[in-house]
Amino acid sequence: MGRTLPQLDWVGPTNYVARDFAGKQAVSLDRGRNSRVVERTVEVKQGKIPVLVGLRPVNDEEFERRRRRLDEALAERRPQRQADEQQGRKGSAAGYAVALRLSSEFIAGILVGTGIGWLIDRLAGTSPWGLIIFFLLGFCAGVLNVLRSAGLVAEPGTKSADGEGSSGKHE
Amino acid sequence: MAGDPTKVDPIHQFHINTLIPIEVGGYDISFTNSSLLMVISVVLAGGFLFLATSSRGIVPGRAQSISEILYEFIASMLRDSAGSQGMKFFPFVFTLFMFILVANLLGMFPYFITVTSHLIVTAALAVVVFLMVLIAGLWRNGLGFFKLFVPSGIPVVLMPLVVAIEVISFLTRPISHSVRLFANMLAGHITLKVFSGFVVSLTSMGAVGFVGAILPLGMAVGLTALEFLIAFLQAYVFAMLTCIYINDAIHPGH
C-alpha cells in the first residue's frame with residue numbers, strides 16, 4: 001500500500017470519472033478499503049461536445065441496489081419535509097380550504113345516505129323507514145368522512161403502521 | 001349586466017355560450033365555449049409535453065426540466081400512496097392532473113371560462129375515477145375487493161352497521177372529490193370578480209372613488225396570486241385523492 005490511489009465517492013456504474021481513469025484502480029470512500037478497477041469508460045456527447053466521461057451502467061443488480069440505498073437515505077429525510085410543509089400550510093387560505101373540505105365531506109355523507117334510503121323506499125315501499133334509517137347512517141358516514149379527512153381515523157386499506165403517513169397527506 | 005357598465009355580475013363569467021349547435025336524438029350536445037376551453041387544455045397539455053420531451057437532452061432544457069419535474073411529482077406521489085404496483089395507473093393520474101392543471105390555469109385568463117368551475121365537469125371526472133377504482137378493484141381482487149368495507153377487529157354484532165356506514169362512506173367519494181375542485185374554483189373566481197367589481201363601481205364615482213378603489217384593487221391583485229396557487233393546489237389535491245382511491249383498488253385488505 002505504498003502508493004496513493006485516486007479516490008472516488010463510489011466506484012459504481014453511474015459514477016463519472018476523468019477520462020484517464022480507464023483501466024486503473026480507484027478507492028471508494030464509502031466502503032473504506034474497498035478498491036476496484038474502473039471497468040470501462042464511455043463518452044457522452046451532446047452535439048459534438050463531449051459533456052461527460054463516465055462508466056457505462058454494466059450491472060443492473062448493482063444499479064438496483066444503489067437505487068434502494070438512495071431511497072432509504074431519502075426516506076429518512078422525508079417525514080421532516082412533510083412536517084415542514086404542514087407547518088407552512090397553516091395560513092388563512094389553508095384554513096378556508098380545510099373548512100370547505102370538511103363540510104363537503106360531511107354533506108356528501110348525508111346526501112348519499114338519504115338518497116339510498118329514498119331509493120329503497122321507492123323500490124320496496126317501506127316509506128318512511130328506509131329514509132329515516134339511511135339518513136342516520138348517512139350522518140354517521142359523514143362524521144366518519146370528516147374524521148378520516150382530518151386524519152383522526154385511519155383510512156380504509158391502510159395498515160395502522162403506515163396509516164399515519166397517508167392520512168397526513170390527505171389534503 | 002343589463003347594459004349598465006358599472007354593475008359587474010360575478011356569475012356572468014360562468015355562462016355557457018353555444019358556439020356550434022349540435023343536436024343528436026333530442027340531446028343537446030352543442031360545442032360550447034366550455035368545450036372549446038377543454039379542447040385547448042388537452043391540446044396545450046399534450047402539445048407542451050410532446051414538444052418538451054422531443055429533444056431528450058441529457059442536460060435538460062427549460063421545457064424538458066418542467067416536464068420532468070411534473071413527471072417526478074406525480075410518479076412519486078403515486079408510488080408513495082399506492083406502491084410500485086400503482087404505477088400501472090400512472091398514465092391515468094398524470095392525464096387527469098395535467099388536464100385539471102391546464103384547465104385551471106387557462107381559467108385565469110380574462111374572458112376565458114374555467115371549465116373546472118362547473119360541477120358537471122368535475123363530477124364527470126370524479127365518476128370516471130370512481131368507476132375505474134371499482135372496476136380495477138373487482139378485476140384484480142375479485143370479491144376480495146369487498147374486504148374494503150369490512151374493517152378488522154369489529155364485533156360481529158356491530159358488523160352490519162359498520163359495513164353499511166363504510167359502504168355509504170365509499171359512495172360519497174365521487175361527491176366530495178368533485179365538489180372540492182368545483183367549489184374551490186367557483187368561490188375563488190367569484191371573489192376575484194366581486195373585488196374587481198368594486199374597483200369598477202368606485203372609479204365611476206369620481207375622485208373620492210379613485211382613492212377608495214386602491215384597497216379592492218390591492219385585494220384583487222393578491223387574490224389573483226392566490227388563485228394561481230389554488231389552481232395548482234386543487235389539481236394536486238384531485239390527483240392525490242385519485243392516488244389514495246387507487247391504493248384501495250390495489251390493496252383492499254386490512
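Labels below follow one simple rule: chain letters A, B, ... track the order of the sequence lines, proteins then strands, and each chain is numbered from 1.
Between B/R180 and A/S104, the side chains place no donor N or O within less than 3.5 Å of an acceptor N or O (distance only, hydrogens not considered).
Heavy-atom distances place the side chain of B/A164, and not its backbone, under 4.5 Å from chain A. Using a 4.5 Å cut-off between heavy atoms, A/L144 contacts chain B through its side chain alone, with no backbone atom that close.
Contact tally against chain A (heavy-atom pairs below 4.5 Å) for B/N184, B/V179, B/I250: the top residue is B/N184.
Taking B/F182 as the reference, nothing meets the ring pair (Phe, Tyr, Trp, His ring centres under 6.0 Å) condition, with sequence neighbours excluded. Residues satisfying the ring pair (Phe, Tyr, Trp, His ring centres under 6.0 Å) test with B/F97, not counting sequence neighbours, are B/F73.
Aromatic ring centroids of B/Y71 and B/F90 lie under 6.0 Å apart.
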